[in-house]
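To start, the structure itself, in structure tokens.
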2 protein chains.
Amino acid sequence: MRTVGSNRNDTLRAIRQSAVKLIYEHGYEAMSLRLLAKDVGIQAGSLYNYIQSKQSFLYQLLKEITEESLVELTARLDGIDDPAARLRAFIAQHIAFHTRRPKEVFISNMELRSLSPKHYKAMVALRDRYQGCLREIIDGGIASGAFRVDDPGVATAAIIAMLAGPSVWYRAKGRHSLESLTEIYTGMVFDMLGGTRATTRRRVLRRA
Amino acid sequence: MRTVGSNRNDTLRAIRQSAVKLIYEHGYEAMSLRLLAKDVGIQAGSLYNYIQSKQSFLYQLLKEITEESLVELTARLDGIDDPAARLRAFIAQHIAFHTRRPKEVFISNMELRSLSPKHYKAMVALRDRYQGCLREIIDGGIASGAFRVDDPGVATAAIIAMLAGPSVWYRAKGRHSLESLTEIYTGMVFDMLGGTRATTRRRVLRRA
DNA sequence: GGGCTAACAGAACGAACGTTCGTATGCCGA
DNA sequence: TCGGCATACGAACGTTCGTTCTGTTAGCCC
């Protein structure tokens, strides 16, 4: 039968939303389709009107999440040339996405292990494109003399890792607003990249 | 029955080792006891000579891992008073443990979700004790004028997060030795904490 | 308002799940 | 050499798994 008010787009969105929550809570392998269906409000068998298999569903989910973060990042960096300004934009975007979509970020990092080898490679390539944006910014800053680091690769990894932290513990009602948190992290990153913090607006303001 | 050469201590160690690997690969909920038993080389039912339940087994496993890291850290910091020296010791210890036991670290971070509320609280308390060590070092350095930060709490979280990175991608045969990697991270951390890098032995060597 | 299709219910499949239990065998002290 | 404890087997319990299939109803078009 067809239940009252049922609609393909709404159901699909509900499935994705519930899946993110349940994979976050139980892990992909341990998320049963019956639990997912119950959370959506349909029967388990009905999920197969929307997914081809549990396995391919995971890939589609992770792929869309990562692609969305990449699209947002690209849009935000567009038109900015100065390495320091690009870095500030990257930091703000990264923290914003990670605090806005913490569960999506979590499962994108954790459940790559559950993908087939082919899908795993595709996801790693996507992630590398994202991290490559930061790497290019750092390399650009080094070339222009704005940054100074021991090892650009390690610095890239370190910055990515530390900026991902707030996705775990940030709460909107917490001690810091998103803006002040971004400022604090921005200051630390610029310090890491060779003490160029003094040339930024922020340091000037603080010293005033 | 009793199989040839079977021994309680050896079997227990094998169970722990296999469990870490399988939880790392599949997640706790998705790791079946039959798969664990097969990896150890015994039957599923025989596991219950060593565990009380799958649930309590997870807690014991995570608890021992975290306690071990805490014991190692405490031993390494023992007798060191200077904040900068204590920080260097913390960084070296953290990176060393995280690269030596990457799977243990991974599951300790990821599978807290699968613990009962009581066990979850106990694990968070343990983790907070560990992170509290870094926090005290930073606070001590601020008090002595060695460090300068915008927010000690955020700085603590940022350092913990960025130092955990290598546990994911570090390979012993890779581009960096553990020592040089530790040096690079040490430099970045000291930069983050107010540009006191110039006062460290490392910076002096580099400038020479 | 009658037919068409999109959307879902619900039963069913064999396999696998955590856990219990009775039984059998290796090992060690006497 | 032999009794007893330590250690593991392997069958069994009821439940749940991913997936397929058939049937039935709601919403839309003419």
Side-chain angles (χ1 to χ4, degrees), chain A residues 1-62 107 111 113-116 118-119, chain B residues 1-62 107 111 113-116 118-119:
Chain A
M1 67 162 205
R2 177 169 181 169
T3 52
V4 184
S6 78
N7 168 279
R8 168 156 271 264
N9 285 337
D10 292 348
T11 305
L12 185 54
R13 261 193 294 269
I15 290 175
R16 292 211 179 110
Q17 185 176 326
S18 291
V20 168
K21 184 184 71 175
L22 294 175
I23 294 176
Y24 174 78
E25 291 172 356
H26 301 280
Y28 160 76
E29 277 193 68
M31 174 197 70
S32 79
L33 294 184
R34 281 175 176 81
L35 192 62
L36 173 59
K38 190 172 191 176
D39 201 76
V40 173
I42 61 177
Q43 292 292 318
S46 304
L47 286 172
Y48 282 80
N49 293 319
Y50 298 90
I51 69 176
Q52 196 243 328
S53 70
K54 194 188 176 190
Q55 176 66 221
S56 69
F57 174 56
L58 173 65
Y59 173 60
Q60 282 216 344
L61 201 62
L62 300 188
I107 68 174
E111 296 296 350
R113 65 185 175 193
S114 300
L115 293 171
S116 67
K118 181 189 291 185
H119 289 159
Chain B
M1 65 165 203
R2 179 167 181 169
T3 53
V4 184
S6 78
N7 169 276
R8 171 158 268 267
N9 285 336
D10 291 349
T11 305
L12 186 54
R13 262 194 292 272
I15 290 175
R16 292 212 180 108
Q17 185 176 326
S18 290
V20 167
K21 183 185 72 175
L22 293 175
I23 295 176
Y24 173 79
E25 291 172 355
H26 300 280
Y28 160 76
E29 276 193 70
M31 174 196 69
S32 79
L33 294 185
R34 281 175 174 80
L35 191 61
L36 173 58
K38 190 171 190 175
D39 202 74
V40 174
I42 61 178
Q43 292 293 318
S46 305
L47 287 173
Y48 282 80
N49 292 320
Y50 298 90
I51 70 175
Q52 196 245 327
S53 70
K54 192 189 177 190
Q55 176 66 219
S56 69
F57 174 56
L58 174 64
Y59 173 60
Q60 283 216 343
L61 203 61
L62 300 188
I107 68 175
E111 295 297 349
R113 65 185 174 192
S114 300
L115 293 171
S116 67
K118 181 189 290 183
H119 289 160

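Every chain is numbered from 1, with letters handed out A, B, ... down the list of sequences.
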**OP:** Look at the side chain of R113(B) and the backbone N and O of Y24(A), then say whether any donor-acceptor pair between them is shorter than 3.5 Å.
**Re:** yes
Original post:
Considering only heavy atoms and no angle criterion, is a donor-acceptor pair shorter than 3.5 Å present between the side chain of N49(B) and the base of dA8(D)?
Top reply: yes
Original post:
Whole-Å distance between dA6(C) P and D10(A) CG?
Top reply: 17 Å
Original post:
dA8(D) P sits how many Å from L36(B) CG, rounded?
Top reply: 13 Å
Subject >> Heavy-atom side-chain contact between Q60(A) and I51(A) under 4.5 Å >> reply: no
Original post:
Is F57(B) close to L36(B) at the side-chain level, that is, under 4.5 Å between some pair of heavy atoms?
Top reply: yes
Original post:
Taking DNA chain D as the partner, which of residues 14-26 of chain A come within under 4.0 angstrom of it by heavy atom?
Top reply: none
Original post:
Looking at residues 37-48 of chain A, who's got a heavy atom less than 4.0 Å off DNA chain C?
Top reply: G41(A), I42(A), Q43(A), G45(A), S46(A)
Please enumerate all protein N or O atoms sitting under 3.5 Å from an N or O of nucleotides 13-16 of chain C, with distances to 0.1 Å.
none

Original post:
Taking it one step at a time, do S114(A) and E111(A) satisfy side-chain hydrogen bond (donor to acceptor under 3.5 Å, both in side chains)?
Top reply: CA-CA 5 Å; S114(A) 300; E111(A) 296 296 350; 2.9 Å; yes
Subject >> Atom-pair distance (OH on Y50(A); C1' on dA9(C)), nearest Å >> reply: 13 Å
**OP:** Check ring pair (Phe, Tyr, Trp, His ring centres under 6.0 Å) between H119(A) and all other residues, then give those that pass, not counting sequence neighbours.
**Re:** Y59(A)
**OP:** Could I get the full list of salt bridge (Lys or Arg N to Asp or Glu O under 4.0 Å) partners for K21(A), not counting sequence neighbours?
**Re:** D39(A)
Original post:
Which of residues 52-59 of chain A sit near DNA chain D, with a heavy atom under 4.0 Å from it?
Top reply: S53(A), K54(A)
Original post:
Does NZ or CZ of K54(A) lie under 6.0 Å from the centre of the six-membered ring of Y48(A), at an angle within 45° of the ring axis?
Top reply: no
Subject >> Side chain S18(B), main chain A14(B), donor-acceptor under 3.5 Å >> reply: yes
Subject >> Rounded interatomic separation in angstrom, taking CG from L35(A) and P from dT16(D) >> reply: 12 Å
**OP:** Return the minimal non-hydrogen interatomic distance between H26(B) and M31(B), and the atom names on each side.
**Re:** CB-N, 4.3 Å
Subject >> Spacing of I51(B) atom CD1 relative to dT7(D) atom P, expressed in whole Å >> reply: 16 Å
Original post:
Are more than 12 heavy atoms from other residues, nucleotides or ligands located less than 6.0 Å from atom CD of Q17(A)?
Top reply: no
Subject >> Within 6.0 angstrom of Q55(B) CD, more than 12 heavy atoms from elsewhere >> reply: yes
Original post:
Nearest heavy-atom pair of L33(B) and L47(B): which atoms, and what distance?
Top reply: O-CD1, 3.3 Å
Original post:
Does a nitrogen or oxygen in the side chain of T11(B) sit under 4.0 Å from OP1 or OP2 of dA8(D)?
Top reply: yes
